[in-house]
2 protein chains.
Amino acid sequence: MNQTIDQAADAASEQIKGKGERTRDRILEIAENSVLNKGFGATSIEELICEAGITKSGFFYHFKDKNELARALLLRHIEQDEKILDQVFLRGQELVDDPLQQFLIGLKILAELVEDLPQGHPGCLIAVYCYQERLFDNEVRLLNRQAVLGWRTRFRAILDRIVDVYPPNEPVDLDELADMVSTVVEGGIVMSKALGRPHMLANQIMLLRSFVKLLFTRQPV
Amino acid sequence: MNQTIDQAADAASEQIKGKGERTRDRILEIAENSVLNKGFGATSIEELICEAGITKSGFFYHFKDKNELARALLLRHIEQDEKILDQVFLRGQELVDDPLQQFLIGLKILAELVEDLPQGHPGCLIAVYCYQERLFDNEVRLLNRQAVLGWRTRFRAILDRIVDVYPPNEPVDLDELADMVSTVVEGGIVMSKALGRPHMLANQIMLLRSFVKLLFTRQPV
DNA sequence: ACTTTACCCTACCGGCGGTACAGTTTTCCG
DNA sequence: CGGAAAACTGTACCGCCGGTAGGGTAAAGT
């Protein structure tokens with residue numbers, strides 16, 4: 001749920017991208033940083049173009065208004081997010097065969113990944129747009145919904161393979177349990193930010209991992 | 001983590017409050033609604049004074065700037081929140097003696113409480129201010145921190161009494177577990193809003209309840 | 001060569017947060 | 001009842017920011 005990985009691929013694709021697209025990407029990069037730090041409303045176009053070294057006209061050449069910037073940011077964010085989650089949970093599948101262990105490994109890796117972020121998780125644009133600072137259009141809201149449903153599908157698939165082997169010790173709805181991963185990550189980010197304790201997010205993910213373990217493994221009496 | 005309760009008390013105290021304070025309260029009421037729906041940045045002073053039936057000068061008589069409005073909103077929100085949490089978890093203590101059961105009942109009541117909100121939980125100002133749309137001053141950030149730490153203390157106290165009786169089935173840090181209540185609520189609100197499914201929050205709280213149950217009760221083999 | 005892309009420059013508009021300050025009504029309290 | 005303090009109103013103004021309009025231009029593709 002973050003960037004920073006595959007910068008090698010980015011650098012390579014940088015070559016084949018046109019100049020326009022590279023400028024656009026630069027704007028998005030700067031904007032995402034600013035939006036996650038200060039919010040969308042507090043991120044002025046002036047500031048973006050200043051840092052990007054372009055003019056106002058240049059900005060509006062790439063984005064017809066601030067709403068389009070928001071949409072582009074969200075698309076980019078969701079895309080990068082998917083990539084990272086793919087990598088994290090694929091790694092679990094490479095290491096072991098048992099679906100429960102795969103999931104537990106994935107959660108551990110995810111926790112380590114967010115732990116290693118020097119100044120904490122930068123935040124999730126989906127949450128930013130939920131506590132919308134402006135009234136976003138339907139497309140943005142739909143994108144948001146789609147992204148969250150994508151997470152559900154991803155984790156639900158994993159859980160389905162787990163329950164085939166391990167009957168849960170408590171009756172739980174698997175969609176809701178799948179959603180709990182997203183819930184804990186989103187909530188953990190809020191808590192980390194509120195307390196100024198970046199590692200909290202990792203802790204909360206590890207707690208969720210404990211829950212999954214308890215739920216699917218037989219306890220010794 | 002919401003208002004709507006004790007309107008009787010409000011109506012009673014309405015009498016003894018001066019006119020100024022009543023106007024101030026009205027502004028805050030309108031503002032909270034608007035901020036939770038549209039965000040702080042999208043909530044214009046113009047709009048507030050229009051709905052409150054006062055003038056711009058009137059507004060700035062009560063609040064020296066928008067930041068002070070933010071601070072007052074947060075204070076009010078935290079206060080109401082504390083009241084509700086007090087009621088919810090006190091009810092559990094009235095019904096049974098066992099600390100684990102008390103907590104489980106409290107979580108259930110909390111889930112029902114947020115379930116009953118017709119248009120979903122209005123949102124949490126703490127989260128809004130985390131994904132800050134403007135750069136709030138230190139006082140606001142400190143207030144936010146204090147509120148979250150208050151939640152931790154509250155739930156930690158409950159958990160302490162539980163572990164005295166029930167040894168946990170997994171090694172967990174009790175502060176982190178206490179924080180998980182807040183995490184799930186904050187995350188659940190984000191998820192509810194993103195999906196447009198108000199009941200999700202209640203589901204996630206009930207899932208957390210399952211976790212607590214699994215963690216502290218001996219499982220049958 | 002020539003079209004398209006990717007900008008720059010200047011000027012302007014309206015909305016909003018915020019200030020200043022003088023004037024007016026309402027409320028409270030002795 | 002009277003006077004002071006509280007609770008506003010009215011008007012005028014400032015600067016920032018999002019956004020528009022439109023003309024000009026260097027460089028990249030073809």
Side-chain angles (χ1 to χ4, degrees), chain A residues 13-32 34-35 37-74 128-129 132-137 140, chain B residues 13-35 37-74 128-129 132-137 139-140:
Chain A
S13 67
E14 208 83 322
Q15 306 299 328
I16 56 167
K17 278 181 183 172
K19 192 191 173 197
E21 201 165 343
R22 260 178 296 145
T23 305
R24 205 183 125 103
D25 284 354
R26 201 165 73 254
I27 298 173
L28 287 174
E29 183 72 36
I30 296 166
E32 176 153 5
S34 186
V35 168
N37 280 330
K38 312 191 302 179
F40 193 81
T43 299
S44 72
I45 293 174
E46 207 86 24
E47 163 197 349
L48 297 180
I49 63 180
C50 181
E51 209 175 322
I54 55 170
T55 64
K56 212 168 179 179
S57 312
F59 175 87
F60 283 106
Y61 171 78
H62 289 288
F63 307 97
K64 78 166 210 267
D65 56 21
K66 226 185 167 189
N67 257 306
E68 197 175 302
L69 174 70
R71 210 178 312 137
L73 275 176
L74 187 56
V128 173
Y129 289 12
Q132 47 196 301
E133 302 154 33
R134 51 170 54 213
L135 299 165
F136 292 112
D137 45 38
V140 169
Chain B
S13 66
E14 209 82 322
Q15 307 299 328
I16 56 167
K17 278 181 184 171
K19 193 195 173 196
E21 201 165 344
R22 261 179 294 144
T23 305
R24 206 184 124 102
D25 284 354
R26 202 166 72 253
I27 297 173
L28 287 174
E29 182 74 37
I30 296 167
E32 175 153 6
N33 244 303
S34 188
V35 168
N37 282 327
K38 311 190 302 179
F40 193 80
T43 298
S44 74
I45 294 173
E46 206 87 24
E47 160 199 350
L48 297 180
I49 62 180
C50 181
E51 209 176 321
I54 55 168
T55 64
K56 210 168 178 180
S57 312
F59 175 87
F60 285 106
Y61 172 77
H62 289 287
F63 307 96
K64 79 165 209 268
D65 55 23
K66 227 184 165 190
N67 258 307
E68 198 174 303
L69 174 69
R71 209 178 315 135
L73 275 176
L74 187 56
V128 173
Y129 289 10
Q132 47 196 303
E133 303 156 33
R134 50 170 56 213
L135 299 165
F136 292 111
D137 46 36
E139 197 185 335
V140 168

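Protein chains get the first letters and strands the later ones, always in sequence-line order, with residue 1 at the start of each.
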| How long is the gap from CZ on A:R22 to CG on A:D25, to the nearest 0.5 Å? | 9.5 Å
| query | Taking NZ from B:K64 and P from D:dC8, how many angstroms apart are they, rounded to a whole number? | reply | 20 Å
| query | More 5' along DNA chain D: B:E21 or B:S57, using each one's nearest nucleotide? | reply | B:E21
Show every donor-acceptor pair shorter than 3.5 Å between a side-chain atom in residues 44-51 of chain A and any protein atom, with sequence neighbours excluded, or say none if there are none.
from, atom 1, to, atom 2, distance (Å)
A:S44, OG, A:E47, N, 3.2
A:E47, OE1, A:K38, NZ, 3.0
A:E47, OE1, A:S44, N, 3.2
A:E47, OE2, A:S34, OG, 2.8
A:E47, OE2, A:K38, NZ, 2.9

| remark: Separation between CD (B:E32) and CG (B:L74), nearest 0.5 Å, reads 9.5 Å
Measure all distances between protein nitrogen or oxygen atoms and nitrogen or oxygen atoms of nucleotides 23-30 of chain C, and list the pairs falling under 3.5 Å.
none

| request: For A:E68 and D:dG19, give me the distance from atom CD to atom C1', rounded to whole Å. | output: 14 Å
| note | dist B:Y61:OH -> B:I27:CD1 (nearest 0.5 Å) comes out at 11.5 Å
| remark: Between CZ of A:F59 and P of C:dT5 the distance, given in whole Å, is 20 Å
| query | What integer distance in Å separates B:F63:CZ from D:dC8:C1'? | reply | 14 Å
| query | Where do B:A31 and B:L69 come nearest, in terms of heavy atoms and distance? | reply | CB-CD1, 4.2 Å
| query | Taking atom P of D:dC17 as reference, at what distance in whole Å does atom CD1 of A:I49 sit? | reply | 10 Å
| request: Write down the distance between CZ (A:F40) and C1' (D:dG18), rounded to a whole number of angstrom. | output: 11 Å
| request: Please identify each residue that fulfils side-chain contact (heavy atoms from CB on, under 4.5 Å) with A:D65, with sequence neighbours left out. | output: A:N67, A:E68
| query | To the nearest Å, how far apart are B:I54 CD1 and D:dA7 P? | reply | 12 Å
| For B:R71, what residues pass the salt bridge (charged side-chain N to carboxylate O under 4.0 Å, His left out) criterion, not counting sequence neighbours? | B:D137, B:E139
| Nearest-0.5 Å distance that lies between atom CG in B:L28 and atom CG in B:N33 | 12.0 Å
| request: Please state how far atom CZ in B:F60 lies from atom P in C:dC21, giving the value in whole angstrom units. | output: 16 Å
Nucleotides 11-16 of chain C: which of its N/O atoms have a protein N/O under 3.5 Å away?
none

| Is the phosphate of D:dA7, meaning OP1 or OP2, less than 4.0 Å from a side-chain N or O of B:H62? | no
| request: List the atom of B:F63, the atom of B:R24, and the distance in Å for their closest heavy-atom pair. | output: CE2-NH1, 3.5 Å
| field | B:Y61 side chain near D:dA7 phosphate (N/O to OP1/OP2, under 4.0 Å) | value | yes
